[in-house]
Amino acid sequence: MTKSHIKVTINGKAVEALVEPRTLLIHFLREQQNLTGAHIGCDTGHCGACTVDMDEMSVKSCMTFAVQANGAAITTIEGVANADGTLSALQEGFRMMHGLQCGYCTPGMILRAHRLLQENADPTEDEIRHGIAGNLCRCTGYVNIVKAIQYAAAKINGTPYQEAAE
Amino acid sequence: MNEQVKIDIDRAERTEKLQGMGCKRKRVEDIRFTQGKGSYVDDLKLPGMLFGDFVRSPHAHARIVSIDTSRAKALPGVIAVLTAADLKPLGLHYMPTLAGDVQAVLAEHKVLFQNQEVAFVIAEDRYIASDATELVDVVYEALPCIVDPFKSMLPDAPILREDIQDKMVGAHGPRKHPNHIFEWQIGDRQATDDVFANADVTIKEMLVDHRTHPSPLETCQSLASFDKVKGELTLWGTFQAPHVIRTVVSLISGLPEHKIHVIAPDIGGGFGNKVGAYAGYVCSVVGSIVLGVPVKWVEDRMENLSTTSFARDYHMTTELAATKEGKIIGMRVHVLADHGAFDACADPSKWPAGFMNICTGSYDIPVAYLAVDGVYTNKAPGGVAYRCSFRVTEAVFAIERAIEVLAQKLGMDAAELRIKNFIKAEQFPYHSALGWEYDSGDYHTAMKKAMDAIGYTSLRAEQAEKREAFKRGETRELMGVGISFFTEIVGAGPAKNCDILGIAMFDSAEIRIHPTGSVIARMGTKSQGQGHETTYAQIIATELGIPADDIMIEEGNTDTAPYGLGTYGSRSTPVAGAATAVAARKIKAKAQMIAAHMLEVHEGDLEWDIDRFRVKGLPEKFKTMKEIAWSAYNAPPPNLEPGLEAVNYYEPPNMTYPFGAYFCVMDIDVDTGVAKTRRFYALDDCGTRINPMIIEGQVHGGLTEAFACAMGQEIRYDEMGNVMGASFMDFFLPTAVETPKWETDFTVTPSPHHPIGAKGVGESPHVGGVPCFSNAVNDAYAFLDAGHIQMPHDAWRLWKVGERLGLHG
Ligand code: FES
Ligand code: FES
């Protein structure tokens with residue numbers, strides 16, 4: 001199959017590659033770029049495990065062709081830690097609030113939450129729940145994911161994190 | 001500051017530093033998972049690796065007339081196409097199941113369920129493999145199929161399993177019909193019948209625990225790599241029980257077990273889906289052995305939902321007998337169990353219906369009788385324990401729904417009826433009518449705490465008012481109060497009761513203390529998200545006085561970990577957790593000898609103090625575990641071998657019996673059928689609590705899966721045997737929006753026989769949650785004489801209930 005030449009910025013690094021027109025972005029990232037953080041949970045756009053950030057939008061990379069990413073800037077879970085290698089506010093929030101168990105949904109969840117907080121720096125619980133509705137988690141029951149995102153929002157905004165009263 | 005305060009502070013600081021049992025230690029696993037650095041099967045990449053993909057049957061029941069692979073083989077990039085004809089000479093076209101049946105790896109003469117594996121294409125990449133599956137030409141001749149298990153044993157039913165047609169005695173005794181698998185009976189039938197014949201009040205209800213699927217977010221997958229020169233096979237896979245898989249692979253492939261390296265890396269959730277052995281594993285292994293290069297198999301979601309291990313599909317005719325005062329005097333249950341096309345249940349060998357005989361629940365029921373008939377149908381095989389310990393979810397659903405039906409018939413409050421029949425705290429250890437010995441419990445205390453917390457009396461008052469308002473036409477909302485008081489049975493399990501393929505269900509831990517006092521420990525279990533790397537270290541930290549951060553836990557590599565039966569049925573804490581404590585105590589005993597030698601005192605003069613042995617009465621004379629570790633390698637006492645390590649294979653004397661009291665408040669719009677969970681309160685008693693943060697997380701997750709099962713999740717078939725909705729489009733997995741908010745609570749009744757008193761908790765919320773939701777829905781409609789409403793309770797079905805009851809005007 002003839003291949004297409006694409007140029008993408010992934011986690012701040014310029015990448016050029018040859019891909020088949022039908023290659024999905026998720027396979028391009030995982031198999032050609034060895035960025036295995038984003039996962040495949042369904043192949044059908046429902047679970048969000050494959051979520052990455054593309055040109056400041058959350059994108060399900062199982063529903064996107066690699067060629068569609070030509071010229072785009074992509075952030076994956078491998079690119080969200082702080083510059084000094086410490087965990088970002090969201091990564092820390094997920095750990096502190098026990099927002100993950102098997103960890104399979106986590107990279108997609110964090111990338112989605114990352115974009116959500118860019119769009120809405122101080123979301124309510126309801127806004128968080130709707131904001132991550134495209135990402136399924138089979139393990140946590142979401143309560144602690146919501147808290148993790150609230151924790152991160154507070155940390156980024158420099159306000160104290162307060163656990164919402166039950 | 002006085003001396004005692006100083007001592008107390010010092011001890012508190014030393015305890016805190018350990019991060020041992022009882023503290024909310026943050027998880028070790030999260031460091032890698034939050035950075036995308038987990039290592040799951042599909043993340044693995046080996047040089048020259050090929051990809052396998054299945055050709056699957058579009059029919060539920062059909063004869064295979066011919067298979068032509070030539071067009072597929074001609075596609076560039078396709079390396080091989082395997083069919084039953086290739087596997088048969090190797091004796092691998094069938095594989096043994098854990099339930100004593102055999103299952104076709106690739107269909108030979110006929111297919112028995114839709115999406116059954118027919119051929120395995122191996123190609124250079126997954127896209128080509130997928131393309132090539134379309135190019136395998138299979139000619140089928142459709143046969144009449146059986147979807148309804150009640151039709152399986154009709155005299156004129158088509159015979160499904162021609163391969164065992166003449167074998168009228170199966171793994172669990174005689175078969176009554178060629179489509180019959182087993183009949184399993186337990187309890188005193190005559191005595192039970194007598195009680196029913198003379199009872200004041202009896203109820204009988206067909207309770208269906210419908211077919212669903214565990215559906216972890218990561219599907220099942222494997223990567224096999226055979227080294228032709230060494231004759232060694234390395235197999236990575238999504239295995240909840242990696243050692244068992246190694247033994248199975250050895251038995252069916254004929255490769256010696258020591259030349260098989262089975263590795264379960266990080267697993268993206270299991271929930272019972274990843275206990276069994278699947279055709280994909282076998283085909284990746286065969287592919288690699290034949291081709292001499294690594295072969296990977298990754299299931300897609302549709303394949304996962306429609307082929308590997310459904311759960312439930314239990315049709316339970318449940319009866320209770322009681323006095324008119326509400327004392328339950330007998331229980332009689334008949335189950336028709338739909339096992340699909342092959343009996344691939346993952347139960348301990350002697351338990352064809354799992355632990356269904358825990359169905360007398362939390363109640364002191366003097367006599368009971370249970371019979372289970374397993375039948376074949378043209379559906380996917382499985383029958384796994386979906387976040388439960390071998391059919392406990394089904395059992396608890398039966399008793400917890402039935403007791404509500406009885407309460408209604410007696411005109412009694414459902415909570416009161418439960419309390420009246422609870423096993424009393426002083427009755428433990430309690431021998432149930434169906435053969436279990438409940439180790440411990442305090443049901444009355446838990447129930448009272450839960451009822452107070454939820455405000456039970458005022459909820460009932462509010463409900464009574466709402467019902468009146470509904471009758472007056474002032475509201476279109478129905479309010480339901482759901483209750484479930486469950487007893488689980490987990491931690492399989494004593495060797496006398498439980499084995500898998502003849503291997504006793506013990507579990508194991510091996511702990512090594514390094515000279516500098518840090519630790520590596522390995523277990524025979526395998527975490528799929530439960531956080532074992534965090535919690536096992538907490539047990540060791542408390543037992544040995546070494547900070548949890550200095551303890552590394554490793555699981556899943558069968559070359560290095562001691563043999564174990566794996567993680568499912570909430571058995572990790574009850575069994576491997578016990579092994580961990582016992583192994584640590586062996587080390588501690590040796591450490592005491594070393595410390596005595598170091599301090600030049602008699603062993604008996606020493607006492608343990610958090611992280612050290614100290615001389616009794618002379619607290620300033622002590623040796624810390626770290627110092628002892630160094631000495632164990634540097635200057636061990638004469639006559640004592642150097643080193644500091646221990647292994648324990650723990651054979652539990654009994655299972656553990658976690659329990660809990662759950663309450664759900666639900667509001668249902670009769671016109672739309674939309675049900676809203678207003679509150680859900682879960683009180684769990686799992687004995688000693690190792691990490692409350694993780695316990696709470698497990699409860700949240702289990703409740704969410706229970707919510708899904710009760711309120712919509714289902715694997716359904718049409719009358720042609722087509723599986724309906726095997727994708728996340730149709731299969732209900734709740735998002736953050738529809739998932740209720742969970743309130744958790746606890747009591748602590750330690751297990752008397754477990755070394756640290758722990759009981760296991762991961763599955764309780766699922767087991768207790770399903771009937772709680774269903775009871776809430778049923779309770780909402782109860783005053784309208786709706787009769788028992790079957791799950792799942794999605795809006796469409798609840799709307800139909802309203803329609804049936806004439807509520808829509
Ligand atoms: S894998 Fe992309 S949404 Fe599920
Ligand atoms: S942590 Fe397992 S799917 Fe979310």
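Convention: sequence-line order gives letters A, B, ...; per-chain numbering from 1. Owing to the predicted nature of the structure, the values given are computational and were not obtained by experimental measurement.
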For the student: nearest non-hydrogen atoms of [X] and [Y], plus distance:
X	Y	result
B/T739	A/R129	O-NH1, 3.4 Å
B/G36	A/P107	CA-CG, 4.3 Å
B/I694	A/H98	CA-NE2, 3.8 Å
B/G269	A/C102	N-CB, 3.4 Å
B/L217	A/A49	CD2-CB, 4.3 Å
A/F94	B/D30	O-OD2, 4.4 Å

Contact part of [X] toward chain A, heavy-atom cut-off under 4.5 Å: side chain, backbone, both or neither?
X	value
B/D42	both
B/K37	side chain
B/E738	neither
B/P76	neither
B/D266	neither
B/F707	neither

### Query
Of all residues at least two apart in sequence or in a different chain, which pass the ring pair (Phe, Tyr, Trp, His ring centres under 6.0 Å) check with B/F239?
B/Y281
### Message
I'd like to know if B/E705 pairs up with A/R138 as an ion pair, taking the criterion as any Lys NZ or Arg NE/NH1/NH2 lying under 4.0 Å from an Asp or Glu carboxylate oxygen.
### Response
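Salt bridge flag = yes for A/R138 with B/E705.
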### Message
Tell me whether B/R126 is salt-bridged to A/E31, with the criterion being a basic N under 4.0 Å from an acidic carboxylate O.
### Response
yes
#### Entry: A/K7 atom NZ: more than 12 heavy-atom contacts under 6.0 Å
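No, NZ of A/K7 has 12 or fewer neighbouring heavy atoms, counting only those of other groups under 6.0 Å.
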Part of [X] within contact of chain B (heavy atom distance under 4.5 Å):
X	value
A/N135	neither
A/H39	side chain
A/I145	neither
A/L100	both
A/T23	both
A/M96	both

Could you state the interatomic distance from [atom1] ([X]) to [atom2] ([Y]), rounded to the nearest 0.5 Å?
X	Y	atom1	atom2	value
A/D43	B/E303	CG	CD	9.0 Å
B/D300	A/C62	CG	SG	11.5 Å
A/C47	B/R301	SG	CZ	7.0 Å
A/L87	B/T34	CG	OG1	4.5 Å
B/H700	A/T140	NE2	OG1	9.0 Å
A/E92	B/K26	CD	NZ	11.0 Å

### Query
Any idea which of A/T44, A/I77, A/T106 has the most non-hydrogen atom pairs under 4.5 angstrom with chain B?
A/I77
### Message
Looking only at heavy atoms and a cut-off of under 4.5 Å, which of A/A38, A/A133, A/G37 has the most pairs with chain B?
### Response
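Looking at each of A/A38, A/A133, A/G37 in turn, A/A133 comes out on top.
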Heavy-atom pairs under 4.5 Å with chain A: which of [options] has the most?
options	value
B/S215, B/S727, B/P216	B/S215
B/Q528, B/Q35, B/R27	B/R27
B/P734, B/S527, B/G38	B/P734

### Task
Determine, for B/Y127 and A/R22, whether the Lys NZ or Arg CZ falls below 6.0 Å from the six-membered ring centre while staying within 45 degrees of the axis.
no
### Query
How far apart are the C-alpha atoms of B/M729 and A/H46, what are their side-chain angles, what is the distance that settles it, and do they pass the side chain to side chain contact (heavy atoms under 4.5 Å, CB included) test?
CA-CA 7 Å; B/M729 179 72 122; A/H46 295 102; 3.4 Å; yes
### Task
With sequence neighbours left out, write down each residue that passes side chain to side chain contact (heavy atoms under 4.5 Å, CB included) with A/T9, or none if nothing qualifies.
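Residues passing side chain to side chain contact (heavy atoms under 4.5 Å, CB included) with A/T9: A/A73.
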### Query
Where the side chain of A/Y142 meets the backbone of B/T704, is there a donor-acceptor pair that is under 3.5 Å apart?
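Side chain of A/Y142 to backbone of B/T704: no pair is present.
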